[in-house]
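Below, chain A is the first sequence line, B the second, and so on; all start at residue 1. Excluded from the calculations below are hydrogen atoms, water molecules and symmetry mates; all remaining heavy atoms, backbone and side chain alike, are included.
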There are 2 protein chains.
Amino acid sequence: MSSPVVYRTIREQIVEQLRNEVLSGEIAEGESLREQKLAARFGVSRGPIRDALLQLTQEGLLSAEPNRGVRVCGGPSLAIQPLVVETRRRIERFALETIFDRITAEDQRSLDEVLARFKTACERGDMKEVVERDLALHRWIVERVGDADLTAMWLQVIVRMRLRYTRHKSLLDSYREHKRIVDAVRKRDRAAALAALEANIV
Amino acid sequence: MSSPVVYRTIREQIVEQLRNEVLSGEIAEGESLREQKLAARFGVSRGPIRDALLQLTQEGLLSAEPNRGVRVCGGPSLAIQPLVVETRRRIERFALETIFDRITAEDQRSLDEVLARFKTACERGDMKEVVERDLALHRWIVERVGDADLTAMWLQVIVRMRLRYTRHKSLLDSYREHKRIVDAVRKRDRAAALAALEANIV
DNA sequence: CGATTGTAAATTGTTGACAATCTACAATCG
DNA sequence: CGATTGTAGATTGTCAACAATTTACAATCG
């Protein structure tokens, strides 16, 4: 889980790069993405660009229309945030309950590592990385269940969630919330872990 | 909503055809789908086939691995069905509550029409069509909200749900459950509509 | 002067070809 | 005889080119 990412295709790399640029706001909402320009930028043919755009469209980050290209979606819908939050809570709660009794020492090390990276991101105050590392911890929990359907549902929910770091005085507050989760898992305190997890998802 | 479907691209057509074949079991679980064979079968180039396969992979029906093609996924995960059912219930309940006070006479006509089609399918006993028409009614409710994020989340849940018609003595029981929803909407009885909707999602 | 038509450029959708990777099987080795 | 290597065919990933559609702007019409 902490192994370096190995890319098998050009598309994977482009998907990840564009996804990060959209999520970080580097590419503005409403902006059109041009296949040919992106192909020139990445130095590849349009094929994998099209694939990447299609994937990100399916993921919910982009919005496509036949013959008219794709646009970056306006951020997640405000109207459904309560439903998104609740859904995410239930998915992650389900995941944590499912894996709780099978957490290994290696799992704990992975969690600690993911948490440490999150701490570093919070200390740096790099919002892009904070978001990435925050979600990485939650993703770790969901993926540990080993059910592709669960992971896929979670992903579709997470891209539609408006993360709110403004509720913290400092980003390290967010780190502490996550630490509470990881510590409770270490102590084998199920109730505390679940409570900490849910408290973090607002 | 009852207007005929107009395809803008070859891909759209292929997506729909393949999706139906997968959902109906015509293409068996675990079976590999070959781009070149499908291209020959549909009489088109591999491009739109690739696009269609990628889309269906993102939808959760297929499973892809770089350089190794795609396979039809084993049906929805059993382990997460309770979560799927609950999630779907909450999404649809949210949708019905949201639209309840803005149902127009035209909306009611659409609902009646969708319901009539479902009744016909149940009478015919054509399971493929039953499923399709069953979901069409629920989809109508969700889409009526007019929030793309909500619809997308619902779609990702619905493909992971194992529909259970075996709980009925007859398919017409399922029709009657749906009729209860539509009738309650007609009577403007919110509580009854919500109860009927949830009773149908098991 | 607003509406309509025509045209060129930009862009997407599709096609066919080549490169890269995988699979299956035969031949060789220890 | 099991393990390894080599080869051919199948298949996917990518590329470049052509066809189809859209966009933007100028010219023409009423």
Stems of at least 3 consecutive Watson-Crick or G-U wobble pairs (donor-acceptor distances under 3.5 Å) involving DNA chain C, listed by first number, are C:1-30 with D:1-30
Look at the side-chain N and O atoms of A/K37 and state whether any lies under 4.0 Å from the OP1 or OP2 oxygen of C/dT11. yes
Please determine if a side-chain N or O atom of B/R68 lies less than 4.0 Å away from the OP1 or OP2 oxygen of D/dT11. no
For B/A199 against B/R167, the heavy-atom pair lying closest together: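 Closest approach of B/A199 to B/R167: O-NH1, 4.1 Å.
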Measuring only between side-chain heavy atoms, which start at C-beta, is [X] closer than 4.5 Å to [Y]?
X      : Y      : answer
B/L171 : B/R124 : no
A/P82  : B/F94  : no
A/L96  : A/V185 : yes

Can you tell me the distance, in whole Å, between the [atom1] atom of [X] and the [atom2] atom of [N]?
X     : N      : atom1 : atom2 : result
B/L33 : D/dA10 : CG    : C1'   : 16 Å
A/E35 : C/dA10 : CD    : C1'   : 12 Å
B/I49 : D/dT12 : CD1   : P     : 11 Å
B/R34 : D/dG13 : CZ    : C1'   : 14 Å
B/Q13 : C/dT14 : CD    : P     : 9 Å
B/Q36 : C/dT15 : CD    : P     : 14 Å
B/L54 : D/dT14 : CG    : P     : 12 Å
B/Q55 : C/dG13 : CD    : C1'   : 14 Å

Does B/R117 form a salt bridge (charged side-chain N to carboxylate O under 4.0 Å, His left out) with B/E113? I'd like the steps, not just the answer. CA-CA 6 Å; B/R117 288 202 189 120; B/E113 199 169 302; 3.3 Å; yes
Let me know which of A/R160, A/Q81, A/Q156 forms a side chain to side chain contact (heavy atoms under 4.5 Å, CB included) with B/D149.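 Among A/R160, A/Q81, A/Q156, the one that satisfies the side chain to side chain contact (heavy atoms under 4.5 Å, CB included) with B/D149 is A/R160.
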Report the nucleotide, chosen from [options], that has the shortest atom-to-atom distance to any side-chain atom of [X].
X     : options                : result
B/S45 : D/dT14, C/dT15, C/dC22 : C/dT15
A/N67 : C/dG13, D/dT14, C/dT15 : C/dG13
B/R50 : D/dT11, D/dT12, C/dT21 : D/dT12
A/P48 : C/dT14, D/dT11, D/dT14 : D/dT14

Could you tell me whether B/G47 contacts a base, only the sugar-phosphate backbone, or nothing, with contacts defined as non-hydrogen atoms closer than 4.0 Å? base
Tell whether B/R46 reaches the base of D/dG13 with its side chain through a donor-acceptor pair below 3.5 angstrom.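 It does, because a donor-acceptor pair links the side chain of B/R46 to the base of D/dG13 below 3.5 Å.
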Listing, residues 66-73 of chain A side-chain donor-acceptor contacts under 3.5 Å, not counting sequence neighbours, or none:
residue: A/R71; atom: NH1; partner: A/G30; partner atom: O; Å: 2.5
residue: A/R71; atom: NH1; partner: A/S32; partner atom: OG; Å: 3.3

By nearest heavy atom, map B/P66 and B/G43 onto DNA chain C; which one lands nearer the 5' end?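 Taking each residue's closest nucleotide, the earlier one in sequence belongs to B/G43.
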Kindly assign one of parallel, tilted or perpendicular to the pair A/F118 and A/H178, based on the angle between their ring planes and the thresholds 30° and 60°.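 A/F118 and A/H178: perpendicular rings.
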Whichever of A/V44 and B/R8 has the more 5' nearest nucleotide on DNA chain D, that residue is A/V44
